[in-house]
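Counting starts at 1 for both ligands and their atoms, in listed order. In what follows, every heavy atom counts, from backbone to side chain, and hydrogens, waters and symmetry copies are set aside. It should be emphasised that the depicted structure is a prediction, and the values quoted were computed from it without experimental measurement.
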Amino acid sequence: MRLEKYIATSGVASRRAVKKSIRAGLVTVNGETIFVPGHPIDVETDIVAFDGQQVEPLTEHLYLMLNKPPGYLTTRRDERNRPTVMTLVADLPDSIYPVGRLDLETEGLLLFTNDGNFAYRLLHPSHEIEKTYLAWAKGIPSDAAVQRLRQGVSIPSGETAPAMVKRLKTSKDETSTQFEVVIHEGKKRQVRLMFKAVGHPVIRLKRTRIGNLRLGGLPQGAYRSLTESEIMALMEL
Ligand code: URA
């Protein structure tokens, strides 16, 4: 791993600030001052110090949330070189990966970790974790259509379970209506297929909550670490 990435990941300073400090001679590797950012680090064996303080090795698990913008694939690698969510967390260790998936055009709350147990537990269907989405549907769905969404509709992968669907507002030009949707299943493209089934395709979709975890005001494209209590709450689900 590159020296500045290793130090920035430990949370000491931003990658840019770390690069400056390296050039200023504030960083040692195994006791020797290194002036060149990009110096390769063996994360298992090298001992790095930043301004006289030893940098903690990267053995701890990482838990993050990203506000995914539309247009990024939820995958670690794409053989066609399209933009992936990994490009948005490129500052972080390569060991992290997305937990679950959002469609290419879906926005909002996406978790990342390098803790395999955590990812497994969170994705396991038996946990039925609630997720909240904001969905902008084409046109103005009738109350009867909304009722069908609540009760369950037929999509290619089967019948959807009852869902909480709340009408929020219709746009001024009446071309779209915003809904809050709460589901606890993870069928592929579920929210989009539900609205399609009642004749009102989704034109924008954003996930805002997973269990107790809320996206809040995190800017689009930005990520942050989960707090200790957020991690514990997800572990207990
Ligand atoms: N439902 C969808 O249709 N797409 C997503 O990305 C998530 C839920």
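- Note: the hydrophobic cluster containing V36 does not contain V27 (ILVMFWY, side chain heavy atoms under 4.5 Å, direct or indirect links).
- For a heavy-atom separation below 4.0 Å, the residues in contact with ligand 1 are L102, D103, T106, Y133, R189, Q190, V191, R192, L205.
- Of the listed residues (R2, K5, R77), just one forms a salt bridge (Lys or Arg N to Asp or Glu O under 4.0 Å) with D94, and that residue is K5.
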Test side chain to side chain contact (heavy atoms under 4.5 Å, CB included) applied to E230 and N212, step by step: CA-CA 8 Å; E230 286 173 333; N212 296 324; over 6 Å; no
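- Among K206, R192, R101, R189, the one residue that satisfies the side-chain hydrogen bond (donor to acceptor under 3.5 Å, both in side chains) test with T106 is R192.
- Scanning all heavy atoms of the two residues, the minimum distance from P70 to E107 falls at CD-CG, 3.5 Å.
- Centroid-to-centroid, the aromatic rings of Y63 and F112 stay 6.0 Å apart or farther.
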